[in-house]
Participant: 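Below is the structure I would like to discuss, written out as structure tokens.
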Amino acid sequence: MLRVDRINNGIVLDHIQAGQGLKVFERLGLRSAGYPVALLMNVASSKMGHKDIIKISDTLDIDLTMLGLLAPDATVNCIEGGVVTRKVTPGLPKRVVGLIECKNPRCITTVERQRTSLFVLVDPDAKEYECAYCGERSKV
Amino acid sequence: MTVNHFLGSLDFLPEEYNTVFSLASRIIDSPMDYANRCSGRLMATLFYEPSTRTRLSFEAAMLRLGGGVISVANAKTSSVSKGESLGDTIRTVGGYADLIVLRHPKEGAAVLAGEYSPVPVINGGDGAREHPTQTLTDLFTIQRFKRRFDGLTVAFCGDLRYGRTVHSLVKVLARYSDVRFILISPPELRLPDRIKREVKGINPAAALEETTRMEDGLKNADILYMTRIQKERFFNEEDYIKLRDTYILTADKLSVASAEMIVMHPLPRVTEIDYAVDADPRAVYFDQARFGMFARMALILHLLADKEGGDA
């Protein structure tokens with residue numbers, strides 16, 4: 001049995017779909033984080049069969065929009081003084097700024113350096129977003 | 001301060017279109033009453049893509065209202081070549097003019113311009129996406145000839161894939177009841193699924209029928225909307241040449257259509273309507289172009305009046 005110590009202050013990202021953990025780890029920029037981080041993969045789960053978990057110590061700051069895009073059903077446990085003080089499921093963000101690149105080569109955001117992309121959730125079931133500028137749809 | 005723009009054909013609800021059309025009809029009835037309504041106002045036309053008639057129509061509209069026009073006919077060779085962003089150009093020009101008309105090859109350019117502009121922006125066409133003042137023109141033409149929007153059967157013919165005038169018009173007409181669309185095109189140039197989805201989202205009861213045969217569409221239509229197969233929308237010339245002459249309207253083909261049907265076309269025409277059709281009273285495309293100027297006059301007054309909460 002693999003053991004990772006409990007954390008007193010920080011965040012535990014639980015119920016990440018097995019196999020997605022590394023991607024979440026990379027996209028949240030945790031490789032270069034200045035605090036202790038643990039990534040656990042293929043952990044047994046009664047609910048999911050297998051799951052990935054990320055434990056981040058000493059910070060309560062996390063990009064929930066990015067997490068929502070990558071793992072909308074994950075559980076975010078905020079831990080303060082060894083106690084879970086808040087538990088949230090990020091869900092798919094309604095608006096995503098700068099994280100999704102528009103695939104339409106004719107879209108203005110592909111050439112306008114001043115403006116980052118803006119996508120709006122149009123179909124939560126299909127995880128589909130629409131570019132607010134050109135209307136191109138993109139699945140996440 | 002909220003600035004009113006006209007960026008997409010769905011920006012206006014049917015009532016707002018009706019307001020603009022009523023004003024346009026009053027201008028047609030007594031143009032001299034409006035000859036100085038924009039005196040002291042300046043409109044900038046920024047065209048990053050070649051266009052003759054849209055730009056001329058806007059400029060004629062503003063000049064007939066007594067306003068002035070500053071114009072960059074080929075914006076691509078001016079500020080852009082120096083590396084200026086569209087956002088910066090719009091902010092600068094918005095300091096000179098009271099109104100900006102923008103045509104740009106990139107989709108969504110007008111939406112972006114609207115975010116930066118301190119003055120109303122009118123989308124004069126953004127890539128293959130929207131051309132809302134053509135829709136305004138088309139709707140006004142339908143209103144002048146048909147006096148209604150409900151219960152119409154509208155046949156669209158030609159390039160339905162890249163034809164942005166079709167995309168805009170079909171979505172706006174979908175808001176009316178008992179509307180039926182007959183979509184005549186080669187398989188390569190069918191209406192995109194995205195637009196069909198949007199039409200169904202606007203009005204689930206809107207009937208969409210697709211056919212490759214022009215004759216099928218002519219028999220029951222109240223309106224035949226012809227489009228040009230546009231060379232600039234193709235990546236290679238071979239595809240363009242193959243499809244260019246596929247759907248040509250002739251006097252002979254028109255003989256199966258009803259006497260009340262009208263033939264519309266956003267112009268310019270290349271080969272898709274035979275010149276002999278021009279003499280037919282059902283051919284209204286030159287009236288349509290003329291109505292477009294009056295509709296744009298009304299739009300300019302409408303947007304400038306809104307800006308200051310009173311008459312322009």
Side-chain angles (χ1 to χ4, degrees), chain A residues 17 23 27-29 61-73 89-140, chain B residues 5 7-10 46 48-49 75-76 79-92 102-117 121 123 125-130 132 161-162 164 167-168 171 192-201 230 232-235:
Chain A
Q17 195 188 337
K23 197 170 169 187
R27 297 291 289 272
L28 290 179
D61 186 24
I62 189 172
D63 184 350
L64 274 178
T65 305
M66 175 61 92
L67 183 66
L69 272 183
L70 297 171
D73 302 321
T89 301
L92 285 169
K94 290 196 168 61
R95 285 160 57 89
V96 179
V97 181
L99 300 178
I100 304 173
E101 202 174 311
C102 188
K103 293 190 190 82
N104 176 8
R106 294 184 167 110
C107 179
I108 186 70
T109 58
T110 61
V111 292
E112 190 76 357
R113 302 176 313 280
Q114 265 180 323
R115 189 53 97 222
T116 51
S117 71
L118 170 61
F119 276 76
V120 179
L121 181 65
V122 285
D123 188 342
D125 295 331
K127 296 185 177 180
E128 212 166 30
Y129 284 83
E130 191 175 274
C131 173
Y133 295 94
C134 76
E136 178 81 4
R137 290 201 175 198
S138 190
K139 281 191 180 191
V140 297
Chain B
H5 305 296
L7 307 175
S9 55
L10 295 174
L46 290 179
Y48 288 78
E49 217 180 28
K76 220 171 189 171
S79 55
V80 172
S81 64
K82 294 173 191 157
E84 188 179 44
S85 69
L86 178 62
D88 282 3
T89 304
I90 292 293
R91 272 191 282 207
T92 308
L102 174 74
R103 169 167 288 194
H104 199 283
K106 291 288 182 187
E107 297 172 19
V111 175
L112 186 134
E115 291 173 351
Y116 286 105
S117 181
V121 172
N123 184 359
D126 59 343
R129 185 162 164 75
E130 281 266 15
R161 182 175 173 194
Y162 298 109
R164 61 187 168 190
H167 299 176
S168 291
K171 285 190 280 183
D193 288 342
R194 175 173 65 84
I195 306 294
K196 286 183 209 159
R197 258 196 325 259
E198 285 183 55
V199 166
K200 285 292 182 185
Q230 299 178 79
E232 59 266 33
R233 301 287 170 227
F234 284 86
F235 287 114

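Note that the coordinates shown come from a computational prediction; the quantities given were computed from them, not determined experimentally. Here is how names work: the chains are called A, B, and so on, in the same order as the sequence lines, proteins then strands, and each is numbered from 1.
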Participant: Is chain B contacted by the side chain of A:T110, its backbone, both, or neither, given a heavy-atom distance below 4.5 Å?
Facilitator: side chain

Participant: Among all residues two or more places apart in sequence or in another chain, which pass the side chain to side chain contact (heavy atoms under 4.5 Å, CB included) test with B:A113?
Facilitator: B:I90, B:L102, B:V121

Participant: Please name all residues satisfying side chain to side chain donor-acceptor pair (under 3.5 Å) with A:D73, sequence neighbours left out, ordered by chain then number.
Facilitator: none

Participant: Kindly give the heavy-atom pair with the smallest separation between A:P105 and B:K106, and that separation in Å.
Facilitator: O-NZ, 2.8 Å

Participant: Heavy-atom pairs under 4.5 Å with chain A - which of B:E115, B:E130, B:R194 has more of them than the others?
Facilitator: B:E115

Participant: Counting heavy-atom pairs under 4.5 Å with chain A, which one of B:D126, B:V111, B:L7 comes out on top?
Facilitator: B:V111

Participant: Could you list which of residues 92-103 of chain A have a heavy atom closer than 4.5 Å to any heavy atom of chain B, in residue-number order?
Facilitator: none

Participant: Using a 4.5 Å heavy-atom cutoff, which residues in residues 133-140 of chain A come close to chain B?
Facilitator: A:Y133, A:C134, A:G135, A:R137

